[in-house]
Structures are given as structure tokens and as C-alpha cells.
Amino acid sequence: MTVTASDTTARAAGILSRPATINGLTVPNRIVMAPMTRMFSPGGVPGEDVVSYYSRRAAAGVGLIVTEGTYVGHESAGQSGRVPRFHGEEQLAGWAKVAEAVHAAGGTIVPQLWHIGMVREQGQAPYPEAPAVGPSGVRTDGTEGGGNAMTQADIDDVVAAFARAAADAERIGFDGVELHGAHGYLIDQFLWSGTNRRTDAYGGDPVARARFAAEIVAAVRAAVSPGFPVVFRYSQWKQDAYDARLAETPQELEAILAPLAAAGVDAFHASTRRYWLPEFEDSDLNLAGWTKKLTGKPAITVGSVGLNGEFIKAFQGEGAELAGIDNLLDRMERDEFDFVAVGRALLQDPHWAAKVLAGRFDELAPYEPASLRTLS
Ligand SMILES: Cc1cc2nc3c(=O)[nH]c(=O)nc-3n(C[C@H](O)[C@H](O)[C@H](O)COP(=O)(O)O)c2cc1C
């Protein structure tokens with residue numbers, strides 16, 4: 001049977017436009033905006049331009065927005081004065097407007113709560129003197145020094161900061177939270193043996209390395225209502241080490257994810273750079289697929305969706321292979337995962353989701369890095 005472009009477009013719309021739930025939250029469709037640091041929030045305050053940046057995408061069909069990483073209220077959490085903070089009166093007032101505008105546009109939204117740990121090099125206001133902190137004072141490139149191994153008191157402070165941010169998120173109108181446990185930042189520095197060399201209860205085997213993350217999840221869970229969704233993002237890869245792996249086998253992955261699910265994670269966001277790559281041998285499942293299989297929780301996939309000309313041509317029926325989009329749709333049809341997050345394609349085109357859901361594929365354009373420079 002010949003697969004025509006119109007078969008594919010109808011199938012894409014059908015599969016992607018179905019609502020789905022995460023804990024108490026109904027997300028109107030399967031398209032998620034991936035968290036993307038933009039650095040357009042001077043003083044850590046998201047302003048009107050940030051409000052319209054997110055609400056424009058909600059109005060144009062994104063079902064769930066995960067905001068850019070936003071620093072929790074701990075003095076070592078970040079290093080940029082232009083990354084939004086998730087603490088402080090003015091900052092939270094700015095965020096409340098973002099949530100309100102996204103809801104008015106028919107979307108749902110969760111902030112991505114972030115602590116960068118040993119990635120911190122030099123801090124800007126308001127905490128220029130605060131040290132970098134991490135499980136063992138080791139950076140993701142393996143170098144030592146320039147930061148402190150966290151004491152139990154440091155750990156307790158950071159856990160409390162995540163819990164406060166989550167409680168604030170619920171109070172100011174967000175639909176849930178996403179915890180940034182990916183890409184070599186603080187939570188991931190505990191999860192990964194390359195940066196976690198502790199010999200206490202927070203280091204050693206995968207379960208011990210997951211303890212810090214599980215304590216954060218449990219504290220967040222206790223700080224919010226039972227029906228308030230908690231999403232956990234994680235990755236194998238690190239910012240400085242694309243080939244790094246948290247888990248070499250499904251068993252190792254399960255050892256990390258099971259305590260997090262038990263602590264109260266409602267959905268996992270498995271960050272990969274190319275969603276179609278199998279994660280382990282002898283199975284076609286990608287990382288999100290394994291995550292759902294091992295935990296039974298809803299999973300979000302991500303990685304190079306809609307970026308290249310081939311994907312777009314496939315929609316446009318120009319004779320290109322349909323593998324790109326059909327691969328994604330096949331996996332979603334099999335319920336390998338529940339949602340697909342889209343990053344750069346949504347920077348390029350705020351209307352990407354609406355166009356895909358309505359089959360207006362001839363209006364999609366390939367990604368250009370110039371789109372990083374504006375908040376359009
Ligand atoms: C400009 C930019 C900023 C990003 N910032 C974050 C971030 O704050 N938190 C995060 O978890 N991932 C971040 N990412 C990764 C994206 O969420 C996403 O996983 C990645 O871009 C792959 O998806 P894509 O191929 O659809 O762009 C960022 C990516 C880009 C391009």
C-alpha cells in the first residue's frame with residue numbers, strides 16, 4: 001500500500017490531538033514545549049515579553065508548556081542574572097502573569113525548577129560570592145576543585161528550596177512542576193557516577209545515587225496537593241559529555257527510576273537528542289519508551305522532532321521518506337510514550353503545533369539558529 005502525504009497528515013493530527021492526563025491534569029493534546037533557557041529575564045523577572053512568548057505558543061496549540069529552567073531559591077542555584085528565578089516577590093509575580101496568560105490561551109504550563117550545581121562558575125547578582133556545590137565537588141568534565149562537596153545541611157537546604165518553589169508554583173497558578181534532573185546539572189550530578197563519588201548514603205549504587213533526587217521528589221510531593229503533577233526530567237547525556245550514561249542496562253535504569261516513581265513522580269520526561277534511537281540492545285524502545293515500560297508512568301519523549309527539511313518535506317508530500325514523522329507516530333500509536341516535546345522547532349515557529357495539528361505542513365520552515373536571538 002502506498003502511504004500518501006495526506007494519510008500521514010491525517011494520522012498525525014489524529015494521534016497528536018488526543019488529550020491525555022498527568023495525575024489530575026488534563027493536557028489538551030500530546031504536544032509539549034520543551035524547556036529552553038532564553039535569558040530574557042533581567043533581574044530574574046519574567047516580563048511582558050516572556051508572558052507573550054509563552055502565551056503565543058499556548059494559543060497556537062501547544063498542549064503543555066514546560067518553561068525554561070528557572071532557579072530555585074538557593075544562593076548557589078544559578079549564575080546568570082538573565083535567567084528567571086522562581087523565588088522573590090517580583091519574580092513570582094512575573095511568573096503568575098505567565099501562567100495566567102497561558103491558561104487564558106487554552107494551554108497548560110509547568111515551571112522547570114533548576115539548580116545548576118557544579119556547573120556554576122561565576123555568579124552574578126544577587127549571590128556573586130556563593131560557591132558552586134555538588135555531590136563531590138567534581139565538575140561534569142571530571143575536573144575537581146572550584147566547588148564544595150555538599151554537607152547534609154547543604155542537601156537539606158536544597159531539598160527545601162525545591163519544595164518551596166513547588167508550593168509557590170501551585171499557589172501562583174501553575175498546573176504542576178517539572179524537576180530538572182537532566183543534562184549534568186545538580187540533581188543529575190548526584191544520579192551520575194561520573195560526578196557522584198560519595199561514600200555516604202547519597203553515593204555508590206544507582207539506588208543510592210537516586211536518593212537525593214528521591215528526597216527532592218518526596219519533599220515536593222509533601223509541599224503540594226495530591227493532584228498537583230510532578231514531572232521529572234532526566235537524561236543519559238550531559239552538557240559536557242554527550243556519550244555519558246546513567247544506566248547501561250534496563251535494570252540499572254529501573255534501579256534509578258523506581259525510587260523516584262515511589263517518591264511521587266507523576267510523569268517522566270526522558271531527554272534524548274534524537275528520539276528515534278533505541279536506548280538499549282535487543283529492543284527498539286527509546287529512552288522514554290523504556291521509562292514508561294519500567295515505571296508505568298506517562299512519559300514524554302524529545303529530540304530533533306520537526307527540525308530538518310526531510311521531516312517537513314514528508315508532510316508536504318514532496319517524495320521524501322516518511323520515516324521521520326511515521327516513526328514518531330508509530331511509537332505513539334503503540335503507546336510507547338504519551339507526549340512529544342518539541343524544542344527548537346517551536347523557537348523557529350511559534351505556530352508549529354497549530355500547523356501540524358491542522359495539517360498546514362506547507363507552512364513549516366526548517367530550523368534556523370537565528371531564532372535563538374529573539375523572543376518572537
Ligand atoms: C536554547 C536552548 C535552551 C535549552 N534549555 C534547556 C533548559 O533550560 N532545560 C532543559 O531541560 N533543557 C534545555 N534545552 C534542551 C531542550 O529542552 C530539548 O531537550 C532539546 O533542544 C532537544 O529538543 P529539540 O531537538 O526539539 O530542540 C535547551 C535547548 C535549547 C536549544
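Whatever order the structure lists them in is the order used to number ligands and atoms, beginning at 1. Heavy-atom basis, side chains included; hydrogens, waters and symmetry copies ignored. Starting from 1, each residue takes its place in the sequence as its number.
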Exercise. Under the criterion ring-ring contact (aromatic ring centres under 6.0 Å, His included), which of Phe162, Phe174, Trp114 is the partner of Phe86?
Worked result: Phe174

Exercise. Under a 4.0 Å heavy-atom limit, does Arg38 contact ligand 1 with its side chain, its backbone, both, or neither?
Worked result: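 No part of Arg38 comes within reach of ligand 1.
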
Atoms of ligand 1, numbered as shown, that sit under 4.0 Å from any heavy atom of [X]:
X	result
Leu372	1 (C)
Gln112	7 (C), 8 (O), 9 (N), 10 (C), 11 (O)
Val302	19 (O), 23 (O)

Min N/O separation [X] to ligand 1 under 3.5 Å:
X	result
Arg273	no
Thr272	no
Ala345	no
Gly69	yes
Arg233	yes

Exercise. Does the pair Arg360/Glu363 count as a salt bridge with the N-to-O cut at 4.0 Å?
Worked result: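 Judged by the 4.0 Å cut-off on N to carboxylate O distance, Arg360 and Glu363 do form a salt bridge.
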
Exercise. Can a salt bridge be assigned to the pair Asp266 and Lys297 using a cut-off of 4.0 Å between side-chain N and carboxylate O?
Worked result: no

Problem set entry | 4.0 Å heavy-atom contact, Gly303 with ligand 1 | yes

Exercise. With a 4.0 Å cut-off on heavy atoms, is Ala182 touching ligand 1?
Worked result: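 Judged by the 4.0 Å heavy-atom criterion, Ala182 does not count as contacting ligand 1.
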
For this session: Begin from the C-alpha positions of Gln112 and Thr70 and carry the test side chain to side chain donor-acceptor pair (under 3.5 Å) through to its verdict.
Result: CA-CA 6 Å; Gln112 190 192 47; Thr70 172; over 6 Å; no

Exercise. Yes or no on side-chain contact (heavy atoms from CB on, under 4.5 Å) for Leu64 and Asn29, after CA distance, side-chain angles and deciding distance?
Worked result: CA-CA 8 Å; Leu64 171 65; Asn29 63 50; over 6 Å; no

Exercise. Is the number of heavy atoms from other residues, nucleotides or ligands under 6.0 Å of Glu90 CD greater than 12?
Worked result: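 No, CD of Glu90 has 12 or fewer neighbouring heavy atoms, counting only those of other groups under 6.0 Å.
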
Exercise. Between His183 and Ser271, do the side chains contain an N or O donor and an N or O acceptor separated by less than 3.5 Å?
Worked result: yes

Exercise. Would Glu333 and Arg11 count as a side-chain contact (heavy atoms from CB on, under 4.5 Å) if you check the C-alpha gap in whole Å, the side-chain angles of each, and the deciding distance to 0.1 Å?
Worked result: CA-CA 10 Å; Glu333 208 161 47; Arg11 192 167 163 242; 3.1 Å; yes

